[in-house]
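What follows is one structure encoded as structure tokens, with my remarks underneath.
Since this is a predicted model, take the numbers as computed values, not measurements.
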Amino acid sequence: KEVGGGVSARNVAVAMLVSAVLAVRAVLFGTDAAVALYYAVGAAAVALAWWGNSRQPAAVRQVVWPVALGVTLSVLGDAAWWVEARLGVTSELAPSDVVNVAGYAAIGFGLLRASARHGHSRQQRIAGSIDAAVVFVAVVVVLWQFAIAHVVADASLPLGSRLVWALNPALDAAIVALIFRLVVTGVRRLEASVTVALGAGSWLLADVAYLVGGEFRSGSAWLGTGWLVGSLLIALACGMNRGTGEPQTPSEPRGGMGRLAVCLGALLVPAVMEAYVDAIGAEEAAGLVLVATMVLTTLVFARTALLVAGEARARARLVSQQRYSAALAAHSSDAVIVVSRDGRLLSDRAALPDMVRVDGDGELQATDLLRSLGGDPCEVQVTIERAVRAGGEVVDAELQCERGGVHFWIGIRAADLTENPDVGGVIVHLTDITDRKRAEEALAHQAFHDALTGLANRELFADRVEQAL
């Protein structure tokens with residue numbers, strides 16, 4: 001059953017249960033029961049991740065299993081840290097640190113494989129990677145100033161510990177940046193991506209809180225809750241967006257202007273951060289603003305170059321298509337024009353085929369084109385009015401014309417597509433049907449005349465008598 005805005009009652013119950021467990025753990029913080037509950041929830045997250053992976057189609061599991069593995073390694077890393085603490089291991093680079101970093105690597109590998117499933121062009125993949133790099137650098141610059149720099153500079157800590165503690169929030173930012181890349185390049189369903197991003201965000205907040213002050217390094221209920229919530233969210237994402245498993249066709253990349261705004265806005269991060277540091281009187285990391293500005297400027301320049309190159313390619317394709325269409329129209333016995341509902345020509349008169357070409361520079365009406373063919377202008381206006389009344393349905397007409405003493409027939413098909421933003425008028429298709437009309441006349445003559453003498457036969461006599469009666 002569903003409640004509220006379509007959220008399943010089962011999901012609500014699971015969310016309430018998890019909230020209750022986390023609240024109990026916060027109350028019991030500092031006791032052995034809280035530690036046991038922490039690792040029990042972690043084990044549940046691992047089970048949830050692999051269960052969600054098992055429910056996915058085989059092709060999708062190729063993307064999900066690395067994420068499930070990353071959750072598993074993260075929980076195992078926490079467990080290994082607890083064992084090391086009990087055994088008094090003081091190594092600069094402990095096994096638990098290696099396991100945690102491997103967990104981040106597995107999740108990142110899964111996200112990269114998810115991007116590969118969407119079949120985007122090379123230019124789109126490069127653009128998405130640059131956008132992700134901009135987000136990553138901007139976040140890391142802020143983290144370095146307010147959380148990482150003082151830890152790296154703390155000589156009282158072992159070098160390995162400083163490296164790992166500084167690396168954890170940076171890896172969280174890398175996961176968020178990869179999710180950003182996946183979203184902006186056109187992933188069709190966002191639930192799993194957003195859930196992983198929220199999980200990585202929870203890890204990031206907990207890791208930053210761990211670094212900002214010495215009082216956090218002894219641990220707290222809120223830090224543990226942040227790490228648990230992050231693991232649970234990423235594990236939950238493993239069972240989302242179940243599909244057919246077929247490779248997804250590329251969709252349109254999202255937020256073109258938004259992505260550009262993110263890239264340009266990132267250039268303001270170093271300056272804003274410097275102004276904030278000056279305002280609070282804090283110590284600024286040496287050379288950070290200059291290095292960050294140079295890196296972000298380089299990335300934004302590369303992104304802009306891609307946009308300019310993409311625009312040039314689009315313009316070249318447009319010109320090629322226009323030339324192709326003009327060549328077809330010039331050598332075709334048919335003519336397709338677009339007119340307004342009152343008969344005014346909307347098509348480019350320079351692109352009109354020779355069949356209906358009219359000299360002069362003034363405004364043209366559909367009646368002028370038919371008059372150039374030697375037909376009755378009123379007939380084409382009547383056909384246009386019929387098309388307007390038909391409301392988008394195709395209407396047909398056949399008109400007899402004469403030009404240069406030669407009689408011929410023109411077939412007209414018209415449809416009112418004024419409401420279509422890509423057309424904005426009535427499409428009129430003109431084609432020479434003279435051969436068909438002559439064939440019809442020949443068949444009618446053969447039906448009512450003797451093939452040998454050419455004289456009228458009995459069928460014609462009966463037809464005329466029937467008409468007379």
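Contact of the Trp65 side chain with the Trp50 side chain is registered, since non-hydrogen atoms from C-beta on lie closer than 4.5 Å. The shortest distance between side-chain heavy atoms of Arg181 and Arg125 falls below 4.5 Å. A 4.5 Å side-chain heavy-atom check between Leu143 and Val208 finds at least one atom pair inside the cut-off. Side-chain contact between Asp432 and Trp409: absent, with no pair of heavy atoms (C-beta onward) separated by less than 4.5 Å. Taking the side chain as every heavy atom from C-beta outward, Ile175 and Leu111 approach each other to under 4.5 Å. You'll find the side chain of Phe408 reaches within 4.5 Å of the side chain of Ile410, heavy atoms only. Between Val196 and Leu233, every side-chain heavy-atom pair lies at or beyond the 4.5 Å cut-off. In this structure, the side chains of Lys437 and Thr434 stay at 4.5 Å or more apart for every pair of heavy atoms.
Within a 6.0 Å sphere centred on CD of Glu440, other residues, nucleotides and ligands contribute more than 12 heavy atoms. Atom CZ of Arg61 is surrounded by more than 12 heavy atoms from other residues, nucleotides or ligands within 6.0 Å.
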Apply side-chain contact (heavy atoms from CB on, under 4.5 Å) to residues Leu236 and Leu48 and explain how you reach the verdict. CA-CA 7 Å; Leu236 182 64; Leu48 178 62; 4.3 Å; yes
Practice problem: Could you please spell out the steps behind the side-chain contact (heavy atoms from CB on, under 4.5 Å) verdict for Asn100 and Leu73? | Solution: CA-CA 6 Å; Asn100 273 319; Leu73 292 174; over 6 Å; no
### Task
Walk me through it: do His429 and Ile412 pass the test side-chain contact (heavy atoms from CB on, under 4.5 Å)?
CA-CA 6 Å; His429 177 260; Ile412 301 178; over 6 Å; no
Next item on the list: Using the side-chain hydrogen bond (donor to acceptor under 3.5 Å, both in side chains) rule, take Trp203 and Asn168 through it: C-alpha gap first, then chi angles, then the decisive distance, then the call.
Entry: CA-CA 9 Å; Trp203 281 353; Asn168 282 337; over 6 Å; no
| Would Thr293 and Leu267 count as a side-chain contact (heavy atoms from CB on, under 4.5 Å) if you check the C-alpha gap in whole Å, the side-chain angles of each, and the deciding distance to 0.1 Å? | CA-CA 7 Å; Thr293 301; Leu267 289 174; 5.6 Å; no
What's the verdict on salt bridge (Lys or Arg N to Asp or Glu O under 4.0 Å) for Arg317 and Glu311, showing C-alpha distance, side-chain angles and the deciding distance?
CA-CA 10 Å; Arg317 286 195 299 268; Glu311 181 184 8; over 6 Å; no
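From Phe301, atom CZ reaches atom CG of Leu306 across 10.5 Å, with rounding to the nearest 0.5 Å. Here CG of Leu112 is found 8.0 Å from OG of Ser129. Values are rounded to the nearest 0.5 Å. Here Cys238 contributes atom SG and Arg55 contributes atom CZ; the two are 12.0 Å apart, rounded to the nearest 0.5 Å. Atom SG of residue Cys378 and atom CG of residue Leu399 lie 11.0 Å apart, to the nearest 0.5 angstrom. If you take CG on Asp131 and CD1 on Ile126, they are separated by 12.0 Å, rounding to the nearest 0.5 Å. One finds the CG atom of Asn53 at 10.0 Å from the CG atom of Leu69 (value rounded to the nearest 0.5 Å).
No donor-acceptor pair under 3.5 Å is formed between the side chain of Ser74 and the backbone N or O of Gly70. Formation of a donor-acceptor pair under 3.5 Å by the Thr297 side chain with backbone atoms of Met294 is not found in this model.
Across every non-hydrogen atom of Val339 and Leu345, the tightest pair is CG1-CA, 4.1 Å. In plain terms, the two heavy atoms of Ala237 and Ala192 that are nearest each other are CB-O, 3.7 Å. Closest heavy-atom contact between Ala200 and Val176: CB-CG2, 3.9 Å. Between Ala114 and Leu182 the shortest heavy-atom distance is C-CD1, 3.9 Å. Nearest approach of Val262 to Val135, heavy atoms of both residues: CG1-CG2, 3.9 Å. The two residues Ala266 and Ala138 make their nearest non-hydrogen contact at CB-CB, 4.2 Å.
Here Glu379 does not pair with Arg386 in a salt bridge; the nearest charged N to carboxylate O distance is not below 4.0 Å.
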